[in-house]
Amino acid sequence: MKKITSLSLLLFILLLGIGCSKNSKKITKESTDLKDYTKYVNPLIGTSKMGHVFPGATAPFGMVQLSPQTNFEVMFDEDGRYNKETYEYCAGYQYKDSTIIGFAHTNFSGTGHADLGDFLVMPTTGDLVLDPLKTKEGTKGFYSTFSHDTEKASPGFYEVNLDSYNIKAELTASERVGFHQYTFPKSDNAHIILDLVYNVYHHDNKNVWTFIRVENDSLVTGYRQTKGWARTKKVFFAMEFSKPFKSYGHKKYNKETYDGFYRKFKQNENFPEMAGKDIRAYFNFDTEEGEKIKVKFALSPVSTNGALNNLNTEIPNWDFNKTKEETKNKWNKELSKIDVETISEKDKTTFYTALYHTNLSPILYEDVDGKYRGLDQNIYTSEGFTNYTIFSLWDTYRALHPLYNITQPQRNNDMIKSMLAHHDQSVHKMLPIWSHYANENWCMIGYHATSVIADALAKNVGNFDVNHALKASTNTATVRYFDGIGDYMDYKYVPEDKSGSSVSKTLEYAYNDWCIAQIATKVGDKDTENEYLARAEYYKNVYDPTIGFMRPKLSNGKFRESFDPMDTHGQGFIEGNAWNYGLYVPQNIDNMIEMMGGKEKFSKQLDELFTTEIDDKYIAHHEDITRDGIIGNYVHGNEPGHHIPYLYNWTGHPEKTQQRVRMIMDTMYADTVEGLCGNDDAGQMSAWYIFSSLGFYPVTPGSPYYALGSPNIKEATIHLENGKTLKIMAKNQSKENVYVKSVTVNGKKLGNFLLSHQDIVNGGEIVFEMSNK
């Protein structure tokens with residue numbers, strides 16, 4: 001062996017080091033690109049009029065959703081009429097506004113109706129003002145102007161300059177704790193206001209009671225009870241300041257009728273108990289130029305002790321940047337479950353923002369020790385699951401929960417167990433319809449928890465008690481006094497003269513009953529399976545073959561004479577018309593098509609749906625349906641039609657599905673504040689985009705199959721919870737190549753337009769061959 005000199009060895013090591021450094025730098029850069037998915041997320045997307053998402057700071061599925069509120073709209077005007085402008089403030093924030101009135105700790109994402117907006121915090125300087133918009137004297141309230149130029153939003157973080165006070169506001173959050181950081185100017189008259197009057201969708205009697213205790217010079221606890229969409233909602237809090245306040249006080253905005261012997265005290269200043277229906281409290285400070293005052297604000301559904309425990313467990317320190325980074329990492333963990341390459345950077349932003357939206361709700365609804373408030377208002381401890389709330393099921397059963405069966409199967413099981421706990425605590429013995437914060441608000445129709453349960457079982461990811469699930473489902477489906485179910489059972493349809501939106505209810509119940517039959521099949525209960533398969537056929541009873549549409553039927557067995565299939569109001573449907581909602585038979589699409597005249601006729605009917613312009617008069621009564629989300633007469637901005645573009649597959653025209661789906665993705669979604677064509681509806685609108693981008697969609701939740709569409713990604717890697725990886729490739733992908741020549745699954749050509757769940761969870765490779773023909 002040739003002897004290596006010391007000099008040669010040194011040069012070799014240096015060269016090796018240089019080479020390693022270059023490689024390391026390259027690997028580090030690539031891994032950074034792969035890890036930081038948050039840079040592709042813009043929480044401001046969809047914050048314009050229709051999207052109704054909030055841009056603030058939250059952890060994935062976090063109880064705390066800390067976000068700016070930009071106005072104080074009251075739900076009813078002075079004459080008691082509904083104020084339509086409140087609809088624009090479902091998430092408390094509107095991008096068009098130039099003022100901020102504070103930062104609230106609870107918010108809905110993208111819902112059409114609203115609630116929450118709990119515990120508004122606002123830093124100010126100068127003379128103390130406790131009215132948000134204007135005082136009784138007509139002078140300026142405590143709001144601040146702001147500019148979008150100073151607004152920064154990313155997953156788990158929000159920042160803005162409050163120009164009226166020269167205060168920089170920064171927000172981050174853990175799951176149960178909001179973390180504020182305010183940078184003040186020099187002042188001997190600085191304040192942090194805690195507004196317990198403010199609510200989203202505020203009305204005069206929304207607050208039931210509020211209570212505050214000043215525990216010491218830097219810790220405050222309390223709770224608020226409201227009656228709104230949730231008619232008995234209690235939220236407890238613990239608020240801790242990084243610096244002692246020098247004084248404090250509060251103002252009551254309700255007339256005090258009786259105050260017992262508390263009248264002995266001067267309660268409005270430096271008195272450590274505050275109680276009343278409507279209260280705004282304040283805490284005073286002296287500040288130096290550039291001084292940061294931090295506030296940790298923990299929530300609990302159970303007690304102030306629960307809130308304190310949440311605070312001390314989740315954020316025991318005062319390191320704002322540490323919490324910000326930890327929450328960013330939590331978001332990266334969720335976003336990294338699907339790694340995509342897209343045609344453009346705009347498409348990537350749209351994709352990851354949609355994925356972000358699908359991880360905002362449902363939310364955790366228990367303290368760190370597992371305690372939570374049940375539907376019966378008693379306190380429970382979750383055993384064997386994590387408790388969740390905010391179930392907007394009429395929206396989310398369609399695509400959001402099916403998406404979780406790919407990306408979040410364990411979390412989805414916890415959500416199902418939460419629904420079963422809801423049933424057990426319900427005096428009606430019903431699964432949730434639309435529930436939040438230990439309340440059922442009964443919004444919308446159907447009993448779609450059955451769909452979520454059936455879908456998990458069909459895809460073999462359910463690890464809950466299936467017998468319990470079947471019993472809960474049949475209990476729900478036989479509550480005769482709920483929304484026409486008794487008549488549905490007696491007449492085998494919902495009569496319009498006995499219950500409004502009768503056609504929609506009949507169609508939804510029939511699908512839900514099919515889902516119950518699927519659950520019964522898993523249990524092996526043949527009698528229940530047959531009973532609910534028979535009920536699943538009731539959709540046929542509201543189809544009028546003489547006009548070719550689903551139509552309201554009366555209790556005398558005759559169709560209602562007055563009927564306009566274009567109208568979205570008063571025609572037997574809810575938030576839709578016969579053209580859209582009348583195509584809702586996901587449990588038996590082949591039979592629906594045959595019933596409506598066969599494949600070619602049905603395909604032409606779909607063509608007409610997409611090309612016939614709907615007159616404004618037909619959508620005038622619906623806030624949920626606007627021009628932003630309409631193509632012809634097809635409404636993508638609302639959920640009942642989300643499956644429709646995929647129905648062409650069943651007519652022998654998959655190319656029409658492919659063309660329509662790509663057109664919807666290109667025109668109804670974008671990387672701008674107007675980037676959602678309708679309410680995101682707790683993630684459903686975004687889940688449709690995620691599925692469609694990947695090239696398939698769950699047209700029938702409760703079955704193990706997805707209908708193929710046209711992917712708009714170039715490549716995607718799904719990291720599954722079972723440890724396997726699925727790679728999806730779209731060869732020859734471009735904006736023009738919207739048609740699919742062929743699909744192969746692990747090298748085997750797919751023979752039809754259906755992809756099975758096993759093809760996904762087994763991992764491997766799915767390849768789409770794209771073309772412009």
Side-chain angles (χ1 to χ4, degrees), residues 47 51-56 58 61-76 82-94 101-121 132 178 195-210 223-237 277-278 299-301 360-365 372-375 377 387-396 418 422 432-444 623-624 679-684:
T47 57
H52 295 163
V53 296
F54 66 90
T58 184
F61 304 97
M63 183 190 301
V64 167
Q65 304 201 323
L66 177 55
S67 189
Q69 313 292 295
T70 59
N71 207 338
F72 192 2
E73 291 288 353
V74 293
M75 192 172 180
F76 302 107
Y82 172 66
N83 174 16
K84 290 185 177 181
E85 290 189 11
T86 58
Y87 183 77
E88 298 181 18
Y89 290 87
C90 293
Y93 176 96
Q94 266 297 319
I101 61 171
F103 306 98
H105 290 79
T106 62
N107 284 280
F108 280 133
S109 177
T111 54
H113 201 65
D115 202 341
L116 310 183
D118 294 293
F119 309 125
L120 188 81
V121 172
D195 184 346
L196 275 71
V197 177
Y198 174 79
N199 288 281
V200 175
Y201 268 40
H202 185 81
H203 59 81
D204 287 343
N205 292 312
K206 186 160 186 179
N207 278 346
V208 175
W209 197 249
T210 56
Y223 73 89
R224 178 165 80 167
Q225 181 179 350
T226 58
K227 58 174 184 178
W229 212 11
R231 72 173 184 175
T232 306
K233 179 171 71 74
K234 280 187 177 179
V235 189
F236 296 83
F237 74 89
K277 181 173 173 285
D278 293 308
L299 302 185
S300 167
L360 291 175
S361 64
I363 65 166
L364 285 166
Y365 192 63
Y372 68 95
R373 184 173 298 273
L375 185 65
Q377 301 304 305
N387 191 54
Y388 286 82
T389 191
I390 300 184
F391 292 118
S392 180
L393 289 166
W394 182 82
D395 306 297
T396 58
S418 302
H422 176 114
I433 305 300
W434 206 126
S435 63
H436 67 285
Y437 284 75
N439 276 259
E440 174 61 76
N441 68 44
W442 304 110
C443 186
M444 302 310 292
E623 295 165 312
D624 293 279
N679 304 335
D680 197 45
D681 280 318
Q684 165 60 26

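A quick note: this is a predicted structure, and the numbers were derived from the prediction, not measured.
Not a single donor-acceptor pair under 3.5 Å links the side chain of Ser361 to the backbone N or O of Ile363. Looking at Gln69, its side chain never comes within 3.5 Å of a backbone N or O of Gly117 through a donor-acceptor pair. With Thr47 contributing its side chain and Gln94 its backbone, the two residues share no donor-acceptor pair below 3.5 Å. Without hydrogens or angle criteria, Ser418 side chain to Tyr388 main chain gives a donor-acceptor distance under 3.5 Å. Between the side chain of Arg224 and the main chain of Leu196, a donor-acceptor pair closer than 3.5 Å is present. Within the 3.5 Å criterion, the main-chain N or O of Gln684 finds no donor-acceptor partner in the side chain of Asp681. Formation of a donor-acceptor pair under 3.5 Å by the Gln225 side chain with backbone atoms of Thr210 is not found in this model. Side-chain N or O atoms of Asn107 include none that pairs as donor or acceptor with a backbone N or O of His105 at under 3.5 Å.
Residues Leu360 and Gln65 come closest through the heavy atom pair O-NE2, 2.8 Å. Here the closest non-hydrogen pair linking Glu440 and Trp434 is OE2-O, 2.7 Å. The minimum heavy-atom distance linking Asn199 with Asn207 is given by the pair ND2-OD1, 3.2 Å. Taking every heavy atom of both residues into account, Tyr365 and Met63 meet most closely at CA-CE, 4.1 Å. The shortest non-hydrogen separation linking Gly56 to Pro68 is CA-CD, 4.2 Å. Across Gly102 and Leu120, no two heavy atoms sit closer than the pair C-CD1, 3.4 Å.
In this structure, Phe236 and Tyr223 have tilted ring planes: the angle between them lies in the 30° to 60° band. Classified by interplanar angle (parallel below 30°, tilted 30° to 60°, perpendicular above 60°), the ring pair Trp229/His436 is tilted.
Once rounded to the nearest 0.5 Å, the distance linking OH of Tyr372 with CG of Asn387 reads 5.0 Å. Taking CG of Asp680 as the reference point, atom OG1 of Thr396 lies at 11.0 Å (rounded to 0.5 Å).
Looking only at atom types and distance, the side chain of Asn83 has a donor-acceptor partner in the side chain of Glu73 under 3.5 Å away.
Partner of Cys90 under the side-chain contact (heavy atoms from CB on, under 4.5 Å) criterion, chosen from Phe54, Phe108, Tyr201: Tyr201. Applying the side-chain hydrogen bond (donor to acceptor under 3.5 Å, both in side chains) test between Lys233 and each of Asp118, Asn439, Asp115 identifies Asp118 as the sole match.
You'll find the side chain of Tyr198 stays beyond 4.5 Å of the side chain of Pro132, heavy atoms only.
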Decide yes or no on side-chain contact (heavy atoms from CB on, under 4.5 Å) for Leu116 and Tyr437, but give the supporting numbers first.
CA-CA 9 Å; Leu116 310 183; Tyr437 284 75; 3.7 Å; yes
Worked check of side-chain hydrogen bond (donor to acceptor under 3.5 Å, both in side chains) between Asn679 and Tyr87
CA-CA 11 Å; Asn679 304 335; Tyr87 183 77; 2.9 Å; yes
Audit row: Ile433, Met444, side-chain contact (heavy atoms from CB on, under 4.5 Å) steps and yes/no:
CA-CA 8 Å; Ile433 305 300; Met444 302 310 292; 5.7 Å; no
Begin with the C-alpha distance, continue with both residues' side-chain angles, and end with the deciding distance and a verdict on side-chain contact (heavy atoms from CB on, under 4.5 Å) for Tyr89 and Thr70.
CA-CA 8 Å; Tyr89 290 87; Thr70 59; 3.6 Å; yes
